[in-house]
Amino acid sequence: MKSMLNKLVFSAAALGVSGSAFAAGAVADEWKWLTFAVFGVIIAVTMAITYWAARTTHTTSEFYAAGRSVSGIQNGWAIAGDYLSAASFLGIAGLISLYGYDGFMYSVGWLVAYITVLLVIAEPCRNIGKYTMGDILAFRNDPKKTKTVAALSTITVSTFYLTAQMVGGGVLIKTLIGIDYETSIIGVGILMLAYVVFGGMKATTWVQITKAVLLVIASLILVLLVWMPYGFSLPAYLQAVIGDDKVIAQVAKLLGDSASSMSKEELGQRFLEPGLFLKNPIDQISLGMALVFGTAGMPHILMRFFTVPTAQAARTSVIWAMAIIGGFYVLTLFLGTGAAMLVGPAKIASVDAGGNMAGPLLAQYLGGGADSLMGNFMLAFVAAVAFATIVAVVAGLVLAAASAMAHDIYVGVIRGDHATPKEQVVAARVASVLVGIIAITVGIMAKGQNVAHLVALAFAVAASSNLPAVFLTLYWKKCNTTGIMLGMIVGAVTAIGLVMISPNMTYPKAVISGANKVLNGEPAVPAKEAKPAVERSSFMCELFALDGCVLAKPAQPATPEKPAKPGVIEKLAGLNAKLPAMETALPTITDAAAKAAAEADIAKVKKDIATAEAAKAKAEGDLKKVEGQTTSMMGLEKPFFLLKNPGLISIPLGFLMVILGSLFTRDKRAEEMWDELYVRQNTGINAEAATAH
Amino acid sequence: MSSKNFNWAAIDANPKFQTLHRKKTMFLWGLMIFSTIFYFLLPIGAAYYQDLFKIKVWGVVNFGIMFALSEFVVAWVIAFVYSKKANAEFDAMALEIINNLKAGA
């Protein structure tokens with residue numbers, strides 16, 4: 001599943017490079033004012049929230065935890081606002097619109113992850129913690145050591161996720177309305193900083209709630225419009241989706257040669273069956289593990305549980321979050337299939353290869369199309385929700401990173417917990433500004449970069465480093481400082497290391513051969529005889545590119561000879577040669593119908609030329625980027641680790657290292673504090689109380 | 001806020017706390033294991049049992065779609081069951097322990 005996210009971010013990043021082709025954005029120029037008007041209203045509302053929140057944000061508890069006065073229901077909405085990033089809001093709808101069933105299956109793990117949060121993390125963290133993950137780990141372990149590691153891990157996870165969000169957000173805003181990448185990054189950065197620095201957690205919470213409510217309203221309206229014509233019947237609706245020619249054409253395109261023997265009904269039905277996008281089940285399981293364990297270790301999600309008054313409220317908030325997040329993902333099934341049926345996968349992919357524009361384009365279609373006021377208002381509304389989404393998620397991440405920097409490192413480690421309340425608040429604000437500036441700088445520097453590995457990394461590090469440490473210190477008596485240090489470091493390093501040698505990275509040779517194929521075409525392939533299935537040589541071969549490995553392959557039917565495919569250079573030459581003759585012939589045609597047909601032909605050739613030029617520019621850009629390189633950042637010609645998600649290896653290793661480290665050392669404090677920790681996490685005695693206003 | 005220091009070891013050894021601990025552990029592990037297995041059945045089924053997933057059960061709606069939708073329902077049911085149990089039983093037991101503590105102090 002994460003591999004899909006990777007592809008999303010990657011395609012988004014790739015778009016940034018070839019962005020000139022789409023500089024106009026999905027919103028036409030004459031409707032920009034409408035988009036900016038809707039943006040303006042949303043910014044004004046969030047600024048009013050910040051102004052109101054800033055008046056009651058003075059103490060550290062108010063800054064980091066909104067005075068612990070957020071109600072369970074409010075926190076549930078805020079968690080949904082924090083979690084439903086642009087990747088899940090626009091990305092999953094897009095994947096469903098392009099790949100049908102696999103896109104929907106992908107969304108499941110994002111909800112199931114909250115079961116872990118609900119059952120083992122939320123309430124104990126509320127009872128034991130104060131502001132950060134470091135506080136939980138420091139409870140019975142060496143405070144300085146564990147706070148340092150916890151803060152480093154928090155900052156690492158947040159920065160990875162933040163960069164992916166900033167780059168994805170910048171590209172998204174550009175694709176939607178054509179604002180410059182740099183301008184949107186700086187805009188997002190400044191807005192988010194205003195919320196965090198002045199309004200702290202309270203403003204962040206309410207921005208997240210506002211965004212979640214807007215997102216749910218927008219999705220509900222769209223689904224209502226899509227589903228209503230079918231009397232809210234699921235089979236009747238899906239029947240219409242898979243009977244649509246655009247959907248059938250997309251399935252035929254995805255299946256390639258094997259589609260020729262299938263009927264139209266079979267092709268349509270295939271859209272509702274697995275396997276059009278997710279090809280590697282082991283990678284899916286690895287991603288599933290990272291999601292299910294990583295979400296509970298995400299610092300910006302953990303932090304949300306410190307904002308409610310009691311453990312009961314923390315419980316309520318996860319229940320609400322699960323209802324909202326799950327309900328939203330069920331809605332995306334309709335958004336995605338609706339976009340596939342009404343807009344068409346080909347058109348969606350032509351605006352953004354990863355499908356991110358499925359939702360916005362569906363909104364435009366349902367409102368009345370590209371030339372109508374209502375259609376553009378709907379598009380503007382969805383674009384504004386996407387913008388609010390990026391800002392809200394980024395604000396949560398910045399607050400998490402800043403709290404680790406200020407509360408764990410500066411106050412906890414450097415000042416040995418002896419900072420005055422006033423110093424603490426100043427430190428928190430300074431750290432927020434610092435993290436904000438880092439986020440903007442990194443966002444601009446990463447323009448057009450491959451950020452695919454960063455989302456994989458954020459979840460993998462959270463699952464392999466944060467979760468084992470938090471889980472075992474809360475539930476295992478023998479867990480101690482050495483175990484936590486060892487587990488967190490080994491877990492994080494393994495996850496990062498494996499991603500660095502995984503297929504997520506850029507491998508120049510593959511890029512060059514791909515670009516050359518686009519430019520120069522492919523040679524003819526002779527007919528092949530049927531091949532029997534090949535068994536893999538061992539399970540390790542599924543994970544690593546070891547010497548002598550044979551990968552499992554299903555039986556292949558005989559394929560007929562394939563003709564050579566021309567490259568874009570050849571195509572362009574052909575099209576350009578054809579055009580003048582067509583244009584000179586045009587005035588000589590007298591018959592009106594024939595003339596119209598000839599004009600249509602010319603328009604089509606011109607469009608083909610534009611498409612080919614864009615493909616050529618992208619391929620040449622790719623070649624230029626890897627010019628002179630033969631190996632990846634790590635000096636590899638091809639991936640050594642074959643999964644996109646390291647979780648399968650790094651998560652068990654993280655747990656194992658905490659266990660081994662704890663078993664082989666003794667830590668008196670960790671043992672003595674166990675009774676207190678265990679009683680307190682179960683009863684809530686002495687938990688941090690809410691501050692009254 | 002005043003934090004008091006209690007004799008934590010004594011509370012931990014208290015039979016009432018032990019009962020709470022035992023009940024909670026059993027219940028949480030049971031739900032956790034069930035939900036994890038049920039979740040991983042989805043990618044495994046989609047990869048290795050495609051013939052099952054393709055069976056149409058409700059018009060064009062096939063088993064795979066119903067199974068994916070059931071993942072949502074099961075997640076919500078687990079959340080509901082846990083919160084019912086925690087609100088009705090665990091919270092009351094914890095409250096009793098706290099009240100006894102205050103009466104005894």
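In what follows, every chain begins at residue 1, and chains take the letters A, B, ... in the order their sequences are listed.
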Can a salt bridge be assigned to the pair B:Glu89 and B:Lys23 using a cut-off of 4.0 Å between side-chain N and carboxylate O? yes
Please test A:Lys477 against B:Asp12 for salt bridge (charged side-chain N to carboxylate O under 4.0 Å, His left out), starting from the C-alpha separation and ending with a verdict. CA-CA 12 Å; A:Lys477 193 173 180 172; B:Asp12 196 3; 5.8 Å; no
Can you say whether [X] sits under 4.5 Å from chain A via the side chain, the backbone, both, or neither, judging by heavy atoms?
| X | answer |
| --- | --- |
| B:Leu95 | neither |
| B:Asn14 | neither |
| B:Tyr48 | side chain |
| B:Thr36 | neither |
| B:Ala13 | neither |

What part of A:Val330 gets within 4.5 angstrom of chain B, counting heavy atoms only: side chain, backbone, both, or neither? both
Report which part of A:Ser233 has an atom under 4.5 Å of a heavy atom belonging to chain B: side chain, backbone, both, or neither. neither
Specify whether B:Tyr82 and B:Phe90 have parallel, tilted or perpendicular ring planes, treating 30° as the upper limit for parallel and 60° as the lower limit for perpendicular. tilted
Go through the side-chain N and O atoms of A:Tyr83 and A:Thr295 and say whether any donor and acceptor fall under 3.5 Å apart. yes
Quick one: ring-ring contact (aromatic ring centres under 6.0 Å, His included) partners of A:Tyr131, sequence neighbours excluded? A:Tyr64, A:His407
